[in-house]
Amino acid sequence: MGDTLNKVKITTAFEGKPNARALKTYVDNGGYTALKKAFSMQPAQIIDEVKAAGLRGRGGAGFPTGMKWGFVPKDDKGPKYIVCNNDEGEPGTFKDRYIAECNPHMLIEGMIIAGFAIGANKGYIYTRFEFFEEIRWLEIAIKEAYDAGFLGDNILGSGFKFHLDHYTGAGAYICGEETGLLSSLEGKKGQPKLKPPFPAVSGYLHRPTVVNNTETLATVPFIINNGAAAHKAIGTEKSPGTKLFCISGRVKRPGVYELPLGYPFEKLLNEDAGGMLPGYTLKACIPGGSSAPILTPEELKGLTLDYEAITAKGSMLGSGAIMIIDNTMSMVELLKVTVDFYHHESCGQCTPCREGTGWLANIMGGIAAGEGKKDDIERMNEISARMGGRTICALSDAAAMPTMSIVKKFGAEIADYIERGIRA
Amino acid sequence: MHDHHKPNTKSEPAPAFTPALRKKIEGYLTRYETKRSAILPALHAIQDELGWIADEHVEILDKDYGLHRVQVREVLTFYTAYRQKKPAKNPIMFCNNIVCCMLGANEVIDKIKGHIKKYEERGMEAPFSVEGVPCLCVCDGAPAMIVNKDRHLKVTKDNVDEILERYAELPR
Ligand SMILES: Cc1cc2nc3c(=O)[nH]c(=O)nc-3n(C[C@H](O)[C@H](O)[C@H](O)COP(=O)(O)O)c2cc1C
Ligand code: SF4
Ligand code: FES
């Protein structure tokens, strides 16, 4: 069992340092030493180390990273790819952009190591277009890494070749879904594809491709430098390591906090983030981004921030977003914004998602406009119950899950709104 | 779904490709594994240089660069970043997702819309346009907006005018 209170800094190690983003700052503070170490290891050894470290994907699903790398066919000598999912779009999340701001080189180093481990000679960082500054920072860092010989045909004389490029999205939440992202990278509409085959076997241009979140990849140099045991010593048994938590809403210090997994929610809210702003009370919290089921103050009592504990409460850790909902927020407005978002972002390939999100948005539009009907809540339950588990990607579930939870836990408030035609 | 993609209804003349833009696009054609991957960056480049993407531009991509018009149009209409008609001088993307909404985004959007209406009532072309957009993923700085390419955080109805005046004079 690791330490769940000790605030080790991994992906935010350069936070607050002058010229944090510069290659020189990174190298002066031990940057790119993990890469040198990795070159002295066998690729299979690196994958084993990441497996033993218990690193789980930080993009939302929490899939074991080493296992994903292990799915890439080893005897396939053709091109393979590493793709960094930097499309950060999950409402409530703002952590990957912080890595671009604090230490883009940690991400780049992680990508080169990942490439060496799976035998990929090319990588892409895919970022949403609205991150104008972050994209510029990443492009500068890539250039610096080329100039210093950390990227190129024969990196540090190892004989390993790795090229890295940046690709900019164009405004579509669905491109955060890994197969949608790969479609987009191929210059197409960002429509997800049915799995299997998984990208690790058939991804970008039908070639083996590992897609990992920015935070996941940025954690790799720490693991290689310090060993799996050092990573396992942080966090809980099943959720090792640190996580970037994004706390937002009416708290005194909203922001990104790197904390060991298993950290107490109340400590984050009341100590790190300074508690609620005076005059406001905690009404609910959405952990994990807007796709995660909402939690009531009762459910938040004693909650620890790790995959298992949040799942046990019926929600999910997801991307590490912690949206603090205060007493000013109407649950009708919250649910309306949520379903409108998924309706807008549905790519339209699957009927349950395309139509289901549309129906939910219509019902919520009606309720908000004071034209709600008595059976609306029941209809929303029926619709959402039919949206999960039967579509190409998980966006449909991501719309259904929060809807069901809000309707279940705050149904009385919504029913009251329907009755009065306006907020009480 | 993306119902705000309307074809170019105003008959604005399409600005011509500049040599710099052509050079950029040519670079993209060979930069990726397949030529098709050049479509998104080429459209971004056109919009950056010329403001929006006109039908004529799609034809140039097809005829001069071999990027198939159907494939280009597919991308152009799928993604919300691309504008198919001439935008206002300073387009504003205002986040109206959960956190920004909770912290008053809609009031600020309404205030900006009020300004735009005033320009129009006076027969002037509004130097701003505003659209509500999904989470900009800077929720610790909510309410957030992007004007052109500049991000502004903690935008409230009390400070929004001061920010907008950096771009254009507001109607009195
Ligand atoms: C609708 C949808 C949106 C997603 N958006 C993101 C995203 O913005 N960033 C991200 O890293 N993963 C996102 N994911 C998860 C990815 O599909 C994928 O699981 C992840 O990039 C894998 O990386 P990881 O294992 O390192 O977490 C999304 C998934 C779905 C279904
Ligand atoms: S579930 Fe929705 S977003 Fe995902 S592929 Fe189907 S229609 Fe598209
Ligand atoms: S909700 Fe507005 S930036 Fe996230």
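Chain identifiers are assigned alphabetically (A, B, ...) following the order of the sequence lines, protein sequences preceding nucleic acid strands; residue numbering begins at 1 within each chain. In what follows, every heavy atom counts, from backbone to side chain, and hydrogens, waters and symmetry copies are set aside.
Looking at A:Tyr342, there are no atoms closer than 4.5 Å to chain B (heavy atoms on both sides), in backbone or side chain. At a 4.5 Å heavy-atom cutoff, the contact between A:Leu205 and chain B is made by side-chain atoms alone. Only the backbone of B:Asn148 comes within contact range of chain A, judged by heavy atoms closer than 4.5 Å. Interface remark: A:Tyr167 contributes side-chain atoms only to the contact with chain B (heavy atom separation under 4.5 Å). A:His166 touches chain B through its backbone: at least one of N, CA, C or O sits under 4.5 Å from a heavy atom, while the side chain does not. Heavy atoms of B:Asp150 lying under 4.5 Å from chain A are absent altogether. In this structure, no portion of A:Asp340 lies under 4.5 Å from any heavy atom of chain B. Neither the backbone nor the side chain of A:Tyr173 comes within contact range of chain B; no heavy atoms are under 4.5 Å apart. For chain B, the nearby part of A:Thr328 is the side chain; its heavy atoms alone come within less than 4.5 Å. Only the backbone of A:Glu90 comes within contact range of chain B, with at least one heavy atom under 4.5 Å from a heavy atom of that chain. With a 4.5 Å cut-off on non-hydrogen atoms, B:Ile146 touches chain A through its side chain but not through its backbone. For a residue to count as touching a neighbouring chain, one of its non-hydrogen atoms must lie under 4.5 Å from one of that chain's; by this rule A:Arg128 touches chain B with the side chain only.
For the residue pair B:Asn97 and A:Phe341, the shortest heavy atom distance occurs at ND2-CD1, 3.5 Å. Taking every heavy atom of both residues into account, B:Cys135 and A:Gly92 meet most closely at SG-N, 3.6 Å. The minimum heavy-atom distance linking B:Leu40 with A:Gly187 is given by the pair CD1-CA, 3.6 Å.
Looking only at side-chain heavy atoms (C-beta outward), B:Ser37 and A:Tyr204 come within less than 4.5 Å of each other. Looking only at side-chain heavy atoms (C-beta outward), B:His44 and A:Phe129 come within less than 4.5 Å of each other. A:His344 places a side-chain heavy atom less than 4.5 Å from the side chain of B:Pro134. Two residues are said to be in side-chain contact when any heavy atoms from C-beta on lie closer than 4.5 Å; A:Leu334 and B:Ile98 meet this criterion. Here the side chains of B:Asn106 and A:Glu333 are in contact, with some heavy-atom distance below 4.5 Å.
Your options are A:Ile325, A:Val256, A:Ile247, A:Val251, and the one with the most heavy-atom pairs under 4.5 Å with chain B is A:Ile325. Contacts with chain A were tallied for B:Ile39, B:Val75, B:Asn96; B:Val75 has the most, counting heavy-atom pairs under 4.5 Å. Ranked by heavy-atom pairs under 4.5 Å with chain B, the first of A:Lys189, A:Met329, A:Arg250, A:Lys336 is A:Lys189. Considering only heavy-atom pairs separated by less than 4.5 Å from chain B, the leading option among A:Glu133, A:Arg253, A:Gln191, A:Arg97 is A:Arg97. Taking A:Pro91, A:Gly89, A:Pro254 one by one and counting their heavy-atom pairs under 4.5 Å with chain B, the maximum is reached by A:Pro91.
The pair B:Glu33-A:Lys122 counts as a salt bridge, with a side-chain nitrogen and a carboxylate oxygen less than 4.0 angstrom apart. Between A:Glu130 and B:Lys149 no salt bridge is recorded (no basic side-chain N to carboxylate O distance below 4.0 Å).
By the neighbour-count criterion of 12 heavy atoms within 6.0 Å, atom CD of B:Glu169 is sparsely surrounded, having that number or fewer from other residues, nucleotides or ligands.
A distance of 6.5 Å separates CE of B:Met102 from OG of A:Ser248, quoted to the nearest 0.5 Å. Atom SG of residue B:Cys139 and atom CZ of residue A:Phe94 lie 5.5 Å apart, to the nearest 0.5 angstrom. The OG atom of A:Ser183 sits 8.5 Å away from atom CZ of B:Phe78, with the distance rounded to the nearest 0.5 Å. Interatomic distance, B:Glu74 CD to A:Lys188 NZ, rounded to the nearest 0.5 Å: 9.0 Å.
Inspection of the B:Tyr32 and A:Glu186 side chains reveals no N or O donor paired with an N or O acceptor under 3.5 Å. B:Tyr79 and A:Ser184 form a side-chain donor-acceptor contact under 3.5 Å, judged by distance and modelled atom types alone.
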